[in-house]
Amino acid sequence: MELDNLFSNTYQINSNAPLADKLRPRNLDEFFGQESILGNNSLLRNAILNDKVGNIIFSGPPGVGKTTLIEIISSNTRSSLIKLNAVLSSIKELRTEIANAKERLLSTNRKTILFIDEVHRFTSAQQDALLPLIENGTITFIGATTENPFFAVNKALISRARIFSLLPLNKNDLRKIIEKVIKYYACIKDSRNVAITEEASNHLIKFSGGDARNLINALELSISISKENKDKSV
């Protein structure tokens, strides 16, 4: 059964994880939104599915799928994918990963995808350190930013990457996410029958601001504080 596969024991094992992480799409078919860059036969979709992803910067507000796309790229590539957070990672850590990428390429001929979240928080020196490695093909660079990359990222780095702008999710995409949450609660071990009125759905969608994580977190909280009826409905 499709739902059994979708909500497998993986979600039971990670029972302490936020619901938004449990329901994170694992492939492009489960990914909602961003049709303008991920539609059938689009450049980005084909690049991901055929392991041909080049240097990329994903820009957009929180909760629209930037990190999820990285996870999907990771599952579709033969390259090693290294993740750094620009807020938490030092120049020393960056240099270590660069050295590892060089060694990996020489010893195993395996390429490295270096993903840097919140790349706009990297200093100019940290961004500049990436340029020679991008140019000689030692690493494939993927960055994510909530800022306008044309103002927040070095021009030299911008010129070597393709920018994909992710937009807030529309109402139809957010309704699909609500349905996914309802199905999740219906299929877990301690199942619950979740019923959401049209008014409540519209309210959640309106105040999510097109942010999938915000919507799921609000739903999770609402369901967790709702009292169950005898038939386990809320």
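Just so it is clear, the model here is predicted, and its values are computed rather than measured.
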Please give me the minimum heavy-atom distance between [X] and [Y], naming the atom from each residue.
X	Y	value
Leu69	Leu28	CD2-CD2, 4.1 Å
Leu169	Gly63	CD1-O, 4.1 Å
Thr146	Pro61	CG2-C, 4.5 Å
Pro149	Thr145	CB-CG2, 4.3 Å
Leu166	Gln34	CA-OE1, 3.3 Å
Lys180	Phe32	CD-CE1, 4.3 Å

- Item | From Asn148, Ile163, Ile57, residue fulfilling side-chain contact (heavy atoms from CB on, under 4.5 Å) relative to Val153 | Ile57
Which distance, rounded to the nearest 0.5 Å, do you find between the [atom1] of [X] and the [atom2] of [Y]?
X	Y	atom1	atom2	value
Leu130	Ile139	CG	CD1	5.0 Å
Asn202	Ile196	CG	CD1	11.0 Å
Leu23	Lys183	CG	NZ	12.0 Å
Cys187	Ile182	SG	CD1	12.0 Å

- Message: I want to check something: taking the side chain as every heavy atom from C-beta on, are Leu43 and Arg162 in contact at a cut-off of under 4.5 Å?
- Response: yes
- Within-4.5 Å side-chain heavy-atom neighbours: Arg104 and Ile82: yes
- Message: Show every salt bridge (Lys or Arg N to Asp or Glu O under 4.0 Å) that has at least one partner inside residues 56-71, sequence neighbours left out.
- Response: Glu71-Lys83
- Message: Taking salt bridge (Lys or Arg N to Asp or Glu O under 4.0 Å) as the cut-off, I'd like each qualifying pair that reaches into residues 31-54, sequence neighbours left out, listed once.
- Response: Asp29-Arg45, Asp51-Arg78
- Counting heavy atoms not belonging to Arg160, are there more than 12 under 6.0 Å from its CZ? yes
- Transitively linked via ILVMFWY side-chain contacts under 4.5 Å: Leu174 with Leu167? no
- Could you go through the side chain to side chain contact (heavy atoms under 4.5 Å, CB included) check for Leu157 and Leu131 one step at a time? CA-CA 7 Å; Leu157 195 53; Leu131 299 178; 3.9 Å; yes
- With sequence neighbours excluded, what pairs up with Phe150 under the ring-ring contact (aromatic ring centres under 6.0 Å, His included) test? none
Side chain [X], main chain [Y], donor-acceptor under 3.5 Å:
X	Y	result
Glu220	Pro18	no
Glu147	Ala152	no
Asn85	Val87	yes
Ser42	Gly39	yes

- So Leu94 and Leu114, side chain to side chain contact (heavy atoms under 4.5 Å, CB included) or not? Walk me through it. CA-CA 10 Å; Leu94 176 61; Leu114 181 63; 3.9 Å; yes
- Do you see a donor-acceptor pair shorter than 3.5 Å between the side chains of Glu93 and Thr96? no
- Message: Just by distance, no angles: are the side chains of Asn41 and Asn46 close enough, under 3.5 Å, to form a donor-acceptor pair?
- Response: no
- Query: Going by an N to O cut-off under 4.0 Å, is there a salt bridge joining Glu103 and Arg110?
  - Reply: no
